Engineer: 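The following block contains the structure, expressed as structure tokens.
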Amino acid sequence: MSDEPSPDNPNASTEAAAPEVWHRVHPLTPILESLGVLVGIFVAAAYGLQNFFQSAVEDLASGRSVNLTFAEWLGAHPLVILAVVGGIILVLLLTALFSWLAWRVMGYRVDAEAIYYRRGLLSKKLRKARLDRVQSIDLQQKLLPRLLGMAELVFDVAGGTDSNISLKYLSKKRAEELRDELLTAVRSRRQGHTRTEAAPGIPGSASSASGSVGNGSVGSEVAADGADSSEFTGPADGNSGPGGQPGTDLSVPERGGDSLGVRLTKRLGTLADEVSEEAESSLGDLLAPYNLSPRVGDEGEIIRVPVHRVVVSSLLKTETLVSVAVVIIVVITAIVLLAFGIKEAFFPILVGVVPGVFAAFSVFRKNLDNANFVVRLGENGLAVNHGLFSTSRKVIPLDRIQAVALHQPLLWRWAGWWEAQFNIASDGGKTESNLLLPVGDIDQALLMVGLSLPDPQLPEGIGADTLVRSAMYDRKSVDPNAAAAEELFHPQPRSSRLLDPFVWKRRAYALTDSMLVLRLGILDRRVDFVPHVRVQSLRYYQGPLMRALNLGTVAVHSTAGPITPLVKHQSMDGAKRFFNEHAERTRIARQTFDAAAKSAHTDRTQTLEEDEG
């Protein structure tokens, strides 16, 4: 490409001659990044002290004197102590020198096309993120950087987690300023692609990995384990923007496959930091099928989860209870041994319970990362802030959500709490960040489901809230129209009770004109939602035992994440019929969805050409 000036770009030579300006990160960045090594040294030293302490306690318990031979030897050789202290000081000085040299070569650069991040003293590394491929820019503050007034910028780039860039560390003020600048640049790049790039073509017919599906036939192949399987690969690619570009395309009119949150974004344009009464009115109109009257607070806030609710719900989670139970059992065992006079085993067991305490605290602390969970309506989706000790700010692009799940652990039932998760395109299955709602009441759960999914398009007389409540509570739903909604669900046949003796009566699936709803679990309740337009592929399979019981299962493939939709253990004829019909349904849904984008961009291009003419 020539850099000479042209009528279209008179500043080309000036831009080409512009010097590359690299900015340095915070001077403490190398030290914070190597903190893990220092912690490892501290843990090793603590382990040595623990062994010494344990031996001393055992000696005292058995009536022996504590072995202080090594301490006496050190007292007789003071030069050894000086050598150790000098060695520690030398290591610290070398660490400081290495950190300073590493900081000198670390830096970032931003131009009109991308952001660049370089690092490495011995092994040079240069990372690049194109602005038109950036999905979101998250601001994160772990505990120590937060105390030091520092923050990290994480760039979620289309292509998976290996493509992401983590910019460590900047002052919090500079990180916020850079984030705002780059978000503006990202929006500008996307708008440029929207104006200049052609819309993606409409997929023709779906391809099948094992036979023709579009015409209703099912191909079969024998898997390696002897199970029968067949597969349908749909056209959905997880990208809804023009030309495969990520982000909400505001130039495309509302489509049936759009989630209600995307449709809200398209109606209101830019919401940013201020949301008017019109936003609340539009949100209420769109969520009318869910019988909700949401309130939009300051800066677009729609949900705030209290800290005490996160704490209590964390204590009632299964993994927390198991960890605490193990610690209690070990302590009781130690006390019983002491009561029977086995003193030699009491203290070692009591000391050994320390790792279990740390494990229980680790599980609890991980859940505390969701404290202060706040959801706001943002320009590019749902803006989420959370964290108690370490804080994180991120944006969930609603047009990239592929599936949604509601989950209720057994001990949450008394409070009526639910957790909402999602699968998202290009996220690489990071379950720790796939939360729409860590814990919330039924109205908050319905709100997040409604914003993340398209209109369910139900038969007259059945509301979206009725369907979701029936999926959540099955026959225990108190909704007046629950009986009508229950007729939409296809339960497992009675023959499946041998494979699912406890859940076969509850597990079922329902199909609406826009999505698949799966009801799962009996102790821990779960509901999965998969929009037809987001289905990646389908796979029918039948293992030896299922074949003997005349059963079949269909896997509805979504992107990587915590949700793996399965229509399990249906009758063989019913599973094959679902496979064929749903393959055609998803193909048509995606064609209609993409056709709306192509038509809108064609009309826009013609209008621009007429204006220029």
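Keep in mind the model is a prediction, meaning the values are calculated, not measured. Numbering starts at 1 and runs along the sequence shown.
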Engineer: Considering non-hydrogen atoms only, spot the tightest contact between S392 and Q140 and give its length.
Structural biologist: OG-CG, 3.5 Å
Engineer: Can you classify the ring geometry of H386 versus F373 as parallel (below 30°), tilted (30 to 60°) or perpendicular (above 60°)?
Structural biologist: parallel
Engineer: Short question: side chain of S452, backbone of M448 - any donor-acceptor pair under 3.5 Å?
Structural biologist: yes
Engineer: If we ignore hydrogens and angles and just use 3.5 Å, is the side chain of W417 paired with the main-chain N or O of S313 as donor and acceptor?
Structural biologist: no
Engineer: Keeping the roles fixed (side chain from R109, backbone from Y117), state whether a donor-acceptor pair exists under 3.5 Å.
Structural biologist: no
Engineer: Just how far is it from atom CG of L382 to atom CG of L398, taken to the nearest 0.5 Å?
Structural biologist: 4.0 Å
Engineer: Any non-hydrogen side-chain atom of L153 less than 4.5 Å from a side-chain atom of R179?
Structural biologist: yes
Engineer: Are D528 and R526 close enough for a salt bridge, meaning some N to O gap below 4.0 Å?
Structural biologist: yes
Engineer: Is the shortest heavy-atom distance from the side chain of V527 to the side chain of V468 under 4.5 Å?
Structural biologist: no
Engineer: Kindly give the heavy-atom pair with the smallest separation between L287 and L451, and that separation in Å.
Structural biologist: CD2-N, 4.2 Å
Engineer: Is the backbone N or O of G387 less than 3.5 Å from a side-chain atom of D369, with the two atoms forming a donor-acceptor pair by type?
Structural biologist: no
Engineer: Answer yes or no: is there a side-chain heavy-atom contact under 4.5 Å between D441 and W418?
Structural biologist: no
Engineer: Should R590 and R534 count as side-chain neighbours, where that means a heavy-atom distance under 4.5 Å?
Structural biologist: yes
Engineer: Looking at K172 and E177, is there a salt bridge between them, counting it only when a charged N and a carboxylate O are closer than 4.0 Å?
Structural biologist: no
Engineer: Going from CG on L406 to CZ on F529, what distance comes out if it is rounded to the nearest 0.5 angstrom?
Structural biologist: 5.0 Å
Engineer: Using every non-hydrogen atom in the two residues, find where I424 and P397 come nearest and quote the distance to one decimal.
Structural biologist: CD1-CD, 3.7 Å
Engineer: Okay, side chain of N372, backbone of L388: is any donor-acceptor separation there less than 3.5 Å?
Structural biologist: no
Engineer: Under 4.0 Å between a side-chain nitrogen and a carboxylate oxygen: does that hold for E419 and K317?
Structural biologist: yes
Engineer: To the nearest 0.5 Å, how far apart are CZ in R130 and CZ in F155?
Structural biologist: 15.5 Å
Engineer: Could you tell me if the side chain of R376 sits less than 4.5 Å from the side chain of R304, heavy atoms only?
Structural biologist: yes
Engineer: With the side chain counted from C-beta on, respond yes when I302 and P294 share a heavy-atom pair under 4.5 Å apart, and no when they do not.
Structural biologist: no
Engineer: Would you sort out whether L178 and L167 count as a side chain to side chain contact (heavy atoms under 4.5 Å, CB included), showing the intermediate values?
Structural biologist: CA-CA 11 Å; L178 181 60; L167 186 56; 3.8 Å; yes
Engineer: Got a donor-acceptor contact below 3.5 angstrom from the T29 side chain to the V25 backbone?
Structural biologist: no
Engineer: For L148 and L32: C-alpha separation, side-chain torsions, deciding distance, then whether side chain to side chain contact (heavy atoms under 4.5 Å, CB included) applies.
Structural biologist: CA-CA 11 Å; L148 297 174; L32 290 176; 4.3 Å; yes
Engineer: Could you report the tightest heavy-atom contact between R309 and G440, atom names first, then the distance?
Structural biologist: NH1-CA, 3.7 Å
Engineer: Counting only N and O atoms by type, is there a donor-acceptor contact under 3.5 Å from the side chain of E176 to the main-chain atoms of K173?
Structural biologist: no
Engineer: Considering only heavy atoms from C-beta outward, does the side chain of L436 approach that of V404 to under 4.5 Å?
Structural biologist: yes
Engineer: Quick one: closest heavy-atom pair of L435 and I396, and the distance?
Structural biologist: O-CD1, 3.8 Å
Engineer: Show, in sequence, the C-alpha distance, side-chain angles and deciding distance for V305 and V439, and conclude whether the side chain to side chain contact (heavy atoms under 4.5 Å, CB included) test is met.
Structural biologist: CA-CA 7 Å; V305 181; V439 55; 3.8 Å; yes
Engineer: Got a second to check how far K394's NZ is from N385's CG, nearest 0.5 Å?
Structural biologist: 12.0 Å
Engineer: Would you check if E301 and V374 make a side-chain contact, meaning some heavy-atom pair closer than 4.5 Å?
Structural biologist: yes
Engineer: Between OG1 of T559 and CZ of F422, what distance do you get to the nearest 0.5 Å?
Structural biologist: 10.0 Å
Engineer: Begin from the C-alpha positions of H23 and Y108 and carry the test ring pair (Phe, Tyr, Trp, His ring centres under 6.0 Å) through to its verdict.
Structural biologist: CA-CA 5 Å; H23 305 276; Y108 65 93; 5.3 Å; yes
Engineer: Do D111 and Y116 get their side chains close enough for a donor-acceptor pair, meaning under 3.5 Å?
Structural biologist: yes
Engineer: Run the side chain to side chain contact (heavy atoms under 4.5 Å, CB included) check on L170 and E152 step by step: do they pass?
Structural biologist: CA-CA 6 Å; L170 304 174; E152 171 187 0; over 6 Å; no
Engineer: For Q402, does its backbone N or O pair with a side-chain atom of N423 as donor and acceptor, under 3.5 Å?
Structural biologist: no
Engineer: Please find the pair of heavy atoms, one from P454 and one from M515, that lie closest to each other, and give the distance.
Structural biologist: O-CE, 3.4 Å
Engineer: What distance separates M150 CE from K168 NZ, expressed to the nearest 0.5 Å?
Structural biologist: 10.5 Å
